[in-house]
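Labels below follow one simple rule: chain letters A, B, ... track the order of the sequence lines, proteins then strands, and each chain is numbered from 1.
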Protein chains: 2
Amino acid sequence: MPNSTRNRASTGNSAKKNSEKKTTVTPSPERRRELLSTAAEVFAAQGYNATTVRRIADEAGMLAGSLYYHFDSKESMVDEILSTFLNELWAGYDEVLGAGLGPRETVEALVTESFREIDRHRAAVAIYQKESQHLSTQPRFGYLTESRGRFERAWLGALERGVAEGVFRADLDIRLAYRFLRDTVWVAASWYRPGGLHSPEEIARQYLSMVLDGITPREEQARRDRTQRKTQRQTQRP
Amino acid sequence: MPNSTRNRASTGNSAKKNSEKKTTVTPSPERRRELLSTAAEVFAAQGYNATTVRRIADEAGMLAGSLYYHFDSKESMVDEILSTFLNELWAGYDEVLGAGLGPRETVEALVTESFREIDRHRAAVAIYQKESQHLSTQPRFGYLTESRGRFERAWLGALERGVAEGVFRADLDIRLAYRFLRDTVWVAASWYRPGGLHSPEEIARQYLSMVLDGITPREEQARRDRTQRKTQRQTQRP
DNA sequence: CGGGTTCCCTAACAAGTGTTTGGTAGGTTA
DNA sequence: TAACCTACCAAACACTTGTTAGGGAACCCG
């Protein structure tokens with residue numbers, strides 16, 4: 001819970017000290033969630049900055065000003081969208097990480113969990129992908145940077161252990177591998193549509209199959225191992 | 001050359017029909033490129049919509065209005081950035097595609113070429129990644145959608161041929177594989193910094209190694225082939 | 001010298017932006 | 001019935017945005 005976006009509390013632009021009595025407006029949480037859902041959809045489709053508050057209100061069937069009965073600001077809308085998503089995501093991740101799995105199984109579980117989150121929060125994930133870098137400069141969104149760090153530690157840890165135990169290749173740059181894993185998983189949010197041909201689990205399985213075993217068939221791999229030694233010597237020796 | 005962004009020609013907002021004599025201003029192309037370069041940098045860092053024309057001018061050491069001596073509009077700046085990037089990209093791609101390579105070699109060459117383009121146009125690639133979906137709704141940026149189609153045909157073609165020839169696995173959803181390939185290559189633009197530890201060719205090599213052969217070592221793959229038959233039967237049989 | 005060209009500045013405009021204020025219909029409670 | 005609360009509207013405000021018009025300094029060319 002990185003932010004306390006209850007009720008109205010004006011981010012304090014100016015000309016208004018907190019000498020006012022507690023405003024007694026209490027918007028219903030269900031309505032909030034409804035509005036946040038449509039807002040997330042528009043943000044994901046148009047981009048945060050390109051989305052006007054009037055457009056969101058339009059989509060929700062009301063006028064721009066009415067949104068401010070439920071929310072402090074446009075900013076606090078993305079804030080709530082992103083933070084609730086990340087909270088749920090880390091709940092799932094922490095469960096995986098605490099299960100005491102082996103490195104390969106950890107990676108498999110993390111990937112599968114990620115695709116499940118995309119299935120449930122595809123709009124939020126898309127927003128996270130596009131705007132997180134830009135938003136995380138503001139102190140309000142510091143938890144984005146923090147989350148990035150936790151990602152890195154979790155993935156890199158599993159990869160390093162895997163290399164140590166011999167279940168992952170040792171000849172690859174582990175940080176490169178981490179970035180590829182991380183990015184490819186999350187960009188799926190840009191094309192994934194829930195209720196499509198593939199379930200999140202099926203996508204995870206295919207994705208893991210590619211990343212773990214490669215897109216080259218075994219026979220072809222073996223054949224190449226036999227015939228390509230010389231060329232490898234030419235390019236790889238310093 | 002999808003757009004003719006020469007000189008000034010006011011996109012025709014209003015109150016100005018083209019009854020005026022040919023304006024004789026001729027900004028130097030070199031200065032244009034300089035300005036476009038800094039503009040691209042800011043766009044990539046902040047996002048297109050979040051970037052104000054004043055910020056670009058600031059970075060270039062001049063005032064907002066002065067930019068309009070060189071460019072029609074903010075929009076035509078991204079336009080020129082993206083279109084020149086795509087032109088160069090397709091010059092390289094077409095060369096690869098016309099070389100009559102085998103499917104695996106085509107994929108290798110396309111990936112390598114892509115990372116070279118990222119090395120040269122990282123800002124443009126980052127912009128393309130973030131804004132292309134949003135921009136391509138406008139007719140002016142129709143060439144973005146067109147380019148997307150060409151991408152798909154090129155990659156899918158190579159993958160299909162590869163499956164037919166037995167150099168790529170037949171048990172994978174080829175469209176999924178395409179999306180993974182495409183996305184992972186281009187997201188690299190978000191973290192790649194030219195002059196860093198790895199050359200574009202080295203990154204391409206590592207990336208191809210992962211995608212083609214997987215991150216699991218051969219012995220481990222073989223071991224799993226032997227021991228995991230039952231579990232595969234359980235999950236994969238319909 | 002004087003005309004022309006290149007490149008930028010000053011200063012403003014009009015449209016669009018997020019946000020606030022005061023009001024009010026309709027339901028619930030006392 | 002009266003008081004209250006929820007959820008919205010109507011209308012505006014302050015500010016930022018992209019963009020334009022006119023001018024001027026520096027330089028080149030005759």
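- Taking only side-chain nitrogens and oxygens, Ser66(A) comes nearer than 4.0 Å to OP1 or OP2 of dC9(D).
- For Arg31(B), the CZ atom is densely surrounded, since the number of other residues' heavy atoms within 6.0 Å is greater than 12.
- Straight-line distance from the CG atom of Leu63(B) to the P atom of dG23(D): 18 Å, rounded to whole Å.
- Taking the centre and axis of the six-membered ring of Tyr178(B), the NZ or CZ atom of Arg182(B) falls inside the cone set by 45° and 6.0 Å.
- Within the structure, a side-chain polar atom (N or O) of Tyr69(B) is placed less than 4.0 Å from OP1 or OP2 of dC7(C).
- At whole-Å resolution of the value, CD in Glu75(B) and P in dG18(D) are 12 Å apart.
- Residues Phe141(B) and Glu75(B) have side chains in contact (heavy-atom distance under 4.5 Å, counting atoms from C-beta outward).
- With contacts defined as side-chain heavy-atom distances shorter than 4.5 Å, the pair Arg179(A)/Val187(B) does not qualify.
- Listed by residue number, Thr51(B), Thr52(B), Val53(B), Arg54(B) are the residues of residues 51-60 of chain B with a heavy-atom contact under 4.0 Å to DNA chain D.
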Pairing pattern in dot-bracket form [Watson-Crick, G-U; both distances under 3.5 Å; | = partner strand] for DNA chain D:
|||||||||||||.||.||||||||||..|
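- For dC8(C), the OP1/OP2 oxygens have a side-chain nitrogen or oxygen of His70(B) closer than 4.0 Å.
- The distance between atom CE of Met77(B) and atom P of dG18(D), rounded to the nearest whole Å, is 9 Å.
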Working for side-chain contact (heavy atoms from CB on, under 4.5 Å), residues Lys74(A) and Thr52(A)
CA-CA 9 Å; Lys74(A) 180 187 174 187; Thr52(A) 78; over 6 Å; no
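- Straight-line distance from the CZ atom of Phe71(B) to the C1' atom of dC7(C): 13 Å, rounded to whole Å.
- Side-chain atoms of Val185(B) and Leu110(B), non-hydrogen and from C-beta on, never get closer than 4.5 Å to each other.
- A side-chain N or O of Asp79(B) and one of Tyr143(B) form a donor-acceptor pair less than 3.5 Å apart.
- Between the CG atom of Leu35(B) and the P atom of dC8(C) there is a distance of 7 Å, rounded to whole Å.
- Contact annotation: Arg31(B) reaches the phosphate of dC8(C) (side-chain N/O to OP1 or OP2, under 4.0 Å).
- Using modelled atom types and a 3.5 Å distance limit, the side chains of Trp90(B) and Ser147(B) yield a donor-acceptor pair.
- Atom C1' of nucleotide dC8(D) and atom CZ of Arg32(A) are separated by 16 Å, given to the nearest angstrom.
- If you check dC9(D), dT10(C), dC8(C) against the side chain of Met62(B), the one that comes closest is dC8(C).
- Taking the side chain as every heavy atom from C-beta outward, Ile203(A) and Asp173(B) never approach each other to under 4.5 Å.
- Look at CD on Glu30(A): it is 12 Å from C1' on dT6(D), rounded to the nearest Å.
- Close to dT20(D), at under 4.0 Å from its OP1 or OP2, lies no side-chain N or O of Tyr68(B).
- Taking atom CG of residue Asp72(A) and atom P of nucleotide dT21(C), one finds them 13 Å apart after rounding to whole Å.
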